[in-house]
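Index from 1, following the sequence.
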Amino acid sequence: MANTSEVSLKNYKIPGMRGKRERGIVEKPKEGRKTVRRLIGYFKAESITVFWLMAAVFVVVICSVFAPSLQSRAIDSITDKNFGALPKILITMLAVYGISCLATLFQSLLSARLSQRVVKKLREDLFDKIINLPVKYIDNHPHGDIMSRMTNDVENISTTVSQSMSTMFSGVLMVIGTVIMMITLCGRLALLSCTTVILTLLVTKYLSAAMRKFYLKRQEYLGELNAEVEEMVTGYKTVTAYNRQAEVTKEFDETSDKLTKTGIIAEILAGAMGPCMNVINNIGFVIIAGFGGYFAIKGIISIGVISAFIVYAKQFGRPIDELAQVYGQIQSAAAGAERVFEIMDNQNEDKSGSLDMEEAKGVIEFKDVDFSYVEGQPVLTGFSLKVKAGQKAALVGATGSGKTTVVNLLMRFYDIDSGEILIDGVNIKDIDCNELRRNTAVVLQDAVLFSDTVRNNLKYSNLSASDEAMEKAAEMSNCSDMIHNMKDGYDTCLTGSGQNISQGQRQLLTICRAFIAEPKILILDEATSSIDTRTEKNIQDAMVRLMKDRTSLIIAHRLSTIQDADIIIVLDKGKIIEKGNHRELLAKKGKYYELYMTQFSGCAT
């Protein structure tokens, strides 16, 4: 990962002291229709479920459209005192409502199945993308916001798919079917009833545009809020140690207030859609009552037709109302989908290269390498270094001098701006990236373990390693006794990514994990920084055995850990200023001498 000290301070975050980001300036989705079409593409794999869902919806609509005409016939039979036909009509109505009930149940089951399967595929694609993104992307984006896209935005899409797809299809069919039946019964009254459609379209257009804007804002603020929570939880000890609770709370409240206000406006706009549609529907009822009564008096239609028209008018208004509401939900889902697709549209990490490292000896060479995390702020300039096979090389220097950057570039976490990095004379860009990392073991300053057993954490670097090899590595790293003293030994579960053991114990386990990898190249980035002096001595003895015939690159501030290194490279502002072994550098009385005397003799820098 990028060394924070080597990145521009404008990207540096301190819990409770974060620079205020520009918030509230949110544009509408630039390609809303394209986003929806892309989302619909996920339904192709579920075409069979979609077909049966649409079939169920079709049956429900047919029953709903046909039922009012039966009701009209029943009323006319009573009015005409034709009671002989009434039982048959009532039985038919009962059958129609029964079929509609079963089809509706079937529709709900299929809709739930469809939404979960579609969102499962979307979530899997997003996770697959995230784990294949370049390290640079993860370093430069708030982790909480990325998590929000995986959880909140995807869940929003799931809710919309389960509730809206069938509603949208049935709404369109219901409007079409109702209009056809109304025209069949009385064309003039049907045309008069449809005058309210113009009002419906105007209300839908303007309210939906406003809803779309505020739904997107809400998703943006929700992502920011999650990012702040994730950052606070990660740095909780620091927040507590410096008594920054009040500042963190204030900053959280500010974002939460903006989220609340935006959410209220969005919900008000969404809630206004229903009342507006009800007013328009009531206008339609007035038109039917007035003109329907007039037509009945003139003998153009019967009382039963007026009854059917009242039901049809309600059926006609309800799907339009639902479609308007669904449109708002789709806008919300589109805003979330756009944020999801924004991640998915990023380029995967470049792992190009076809060569393996089976015969590699481990000669590392940097040739005139230039690199910067932020354009215009170089971290390495004209960096050239050659480490021979089996050699133990140490990088030392002040914070921000570029030590960790050397590791980032060697591991291909970042691409260099210019120059070459070679292993055994082969450019690392020509080596398969997975092969490169499989043959390189890294122990970082921050011990990273997973919420799993000790056994699985140790074998994380080499899943095929035998228990015998694991136990041997544990003995070499002097953590065998520590593991056996745990409650369940190697099957002890580490909770909270290893929070139930000490920092020193976590670091020992990560070093043991590197031993199991059996790498050709070993990188230790401040690997013993959290280990006490006695344990450090034991680790150093084990590392001497481990690093035999392996190329080792060690980054250390504690010079006691690298005094036996074959070569020590002193960095300053991204350049090599001194190079040699411990005795040679002390004799020069240069920068290394100053660092050494600072640590061991108490001299001021």
**Message:** Please check: side-chain N/O of Arg412 versus main-chain N/O of Asp350, any donor-acceptor pairing under 3.5 Å?
**Reply:** yes

**Message:** Within the supplied structure, the quantity of interest is the number of heavy atoms (other residues, nucleotides, ligands) at a distance under 6.0 Å from Gln347 CD; does it exceed 12?
**Reply:** no

**Close side-chain approach of Asn427 and Ile421, heavy atoms under 4.5 Å** = no

**Asked** Around atom OH of Tyr97, are there more than 12 heavy atoms of other residues, nucleotides or ligands at under 6.0 Å?
**Response** yes

**Message:** One pair to check against side chain to side chain donor-acceptor pair (under 3.5 Å): Asp253 and Thr255. What are the steps and the verdict?
**Reply:** CA-CA 5 Å; Asp253 289 344; Thr255 306; over 6 Å; no

**Prompt:** Does any donor atom in the side chain of Asn456 or Thr453 lie under 3.5 Å from an acceptor atom in the other side chain?
**Reply:** yes

**Message:** Regarding Lys120 and Glu124, does a basic nitrogen lie under 4.0 Å from an acidic carboxylate oxygen?
**Reply:** yes

**Request:** Please determine if Lys261 and Asp257 form a salt bridge, counting it only when a charged side-chain N lies under 4.0 Å from a carboxylate O.
**Result:** no

**Message:** Is any side-chain heavy atom of Glu338 closer than 4.5 Å to one of Phe341?
**Reply:** no

**Request:** Measure from the side-chain N and O atoms of Asp417 to the backbone N and O of Ser372, and report whether any donor-acceptor pair falls under 3.5 Å.
**Result:** yes

**Request:** Kindly indicate, with the supporting measurements, whether the criterion side chain to side chain donor-acceptor pair (under 3.5 Å) is fulfilled by Ser354 and Asp430.
**Result:** CA-CA 6 Å; Ser354 58; Asp430 297 327; over 6 Å; no

Side-chain donor-acceptor distances from residues 41-52 under 3.5 Å, at least two apart:
from  : atom 1 : to     : atom 2 : distance (Å)
Tyr42 : OH     : Asp125 : OD2    : 3.0
Glu46 : OE1    : Arg117 : NE     : 3.0
Glu46 : OE2    : Arg117 : NE     : 3.1

**Prompt:** More than 12 foreign heavy atoms under 6.0 Å from CE of Met93: is that the case here?
**Reply:** yes

**Asked** After noting the C-alpha distance and the side-chain angles of Glu220 and Lys217, does the key distance pass the salt bridge (Lys or Arg N to Asp or Glu O under 4.0 Å) rule?
**Response** CA-CA 5 Å; Glu220 291 283 350; Lys217 279 187 178 181; over 6 Å; no

**Pairing of Glu349 and Lys129 as salt bridge, 4.0 angstrom limit** = no

**Complete:** side-chain contact (heavy atoms from CB on, under 4.5 Å) filter on Asp415, not counting sequence neighbours, yields none

**Message:** Under the rule for side-chain contact (heavy atoms from CB on, under 4.5 Å), what residues qualify as partners of Leu102, not counting sequence neighbours?
**Reply:** none

**Prompt:** Are any non-hydrogen side-chain atoms of Lys429 and Ser352 less than 4.5 angstrom apart?
**Reply:** no

**Asked** Is it the case that Asn140 and Tyr373 place a side-chain donor and acceptor less than 3.5 Å from each other?
**Response** no

**Side chain to side chain, Arg149 and Ile130, heavy atoms closer than 4.5 Å** = no

**Request:** Side-chain contact test, heavy atoms from C-beta onward, threshold under 4.5 Å: evaluate it for Ile62 versus Val96 and give yes or no.
**Result:** no

**Asked** Can you find a heavy atom in the side chain of Leu449 that is under 4.5 Å from one in the side chain of Arg513?
**Response** yes

